[in-house]
Amino acid sequence: MKLSFILLISVFLFSFGPTSEKVENSSRPGFYIVVEDYTDRTFHKYIVESKDSVDNIFNHFFESELELGEINHPISIYNVKRSFYVARVTVYESSDGKKKFRNLKYASVYIKRSKLKPVIL
């Protein structure tokens with residue numbers, strides 16, 4: 001009895017849930033930015049959809065220009081006063097209207113080291 005009730009509810013919820021096409025259409029490429037300001041101990045998070053917005057945020061905190069090319073992996077920049085992190089993500093709107101994101105699956109970075117003898121000083 002319980003199993004049939006659970007099955008009935010799951011079929012009902014599955015039939016009225018959003019389709020995968022609708023979820024894919026509402027998702028867009030974007031950037032997730034985290035800035036930690038150590039001078040006044042603040043923490044800022046941003047979800048933006050254009051490189052111009054990333055440049056404006058970087059210029060605001062670092063007072064210098066950033067030329068972003070293709071972001072293949074997350075970038076982290078640290079100086080004594082601030083820490084800046086930017087990653088490429090997939091942006092979508094949640095059911096309550098807020099922007100959320102899904103991380104992209106980056107290819108793993110594997111560097112093959114040659115078998116050289118260590119240097120002895």
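No hydrogens, no waters, no symmetry mates; every other heavy atom, side chains included, goes into these values.
Proximity of Y32 to K45: side-chain heavy atoms (C-beta onward) are separated by under 4.5 Å at one or more points. Counting only heavy atoms from C-beta outward, the side chains of R82 and H44 never approach each other to under 4.5 Å. Contact of the V35 side chain with the F58 side chain is not registered, since no non-hydrogen atoms from C-beta on lie closer than 4.5 Å. Contact of the Y85 side chain with the I77 side chain is not registered, since no non-hydrogen atoms from C-beta on lie closer than 4.5 Å.
Centroid-to-centroid, the aromatic rings of F101 and Y92 stay 6.0 Å apart or farther.
Closest approach of E36 and F43 over heavy atoms only: CG-CD1, 3.3 Å. Closest of all the heavy-atom pairs between T90 and S27 is CG2-CB, 3.6 Å. Nearest heavy atoms, V91 versus V48: CG2-O, 4.3 Å.
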Residues S50, D52; criterion side chain to side chain donor-acceptor pair (under 3.5 Å); working and verdict: CA-CA 5 Å; S50 68; D52 294 334; 5.1 Å; no
Pair Y78-F84, ring pair (Phe, Tyr, Trp, His ring centres under 6.0 Å): steps then yes or no: CA-CA 6 Å; Y78 172 78; F84 181 81; over 10 Å; no
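Atom-to-atom distance recorded for N79:CG and F61:CZ is 12.0 Å, nearest 0.5 angstrom. Atoms CD and CZ, on E93 and R28 in that order, are 5.5 Å from each other to the nearest 0.5 Å. Put simply, OG on S53 and OH on Y46 are 11.0 Å apart, with the number rounded to the nearest 0.5 Å.
When the side chains of ILVMFWY residues are joined at heavy-atom separations under 4.5 Å, either directly or via intervening members, V34 and I47 end up in a single hydrophobic cluster. With hydrophobic clusters built from ILVMFWY side chains whose heavy atoms lie under 4.5 angstrom apart, F62 shares a cluster with I75.
A side-chain donor-acceptor contact under 3.5 Å links D40 and T42.
By the 4.0 Å N-to-carboxylate-O rule, K99 lies close enough to E49 to be salt-bridged with it.
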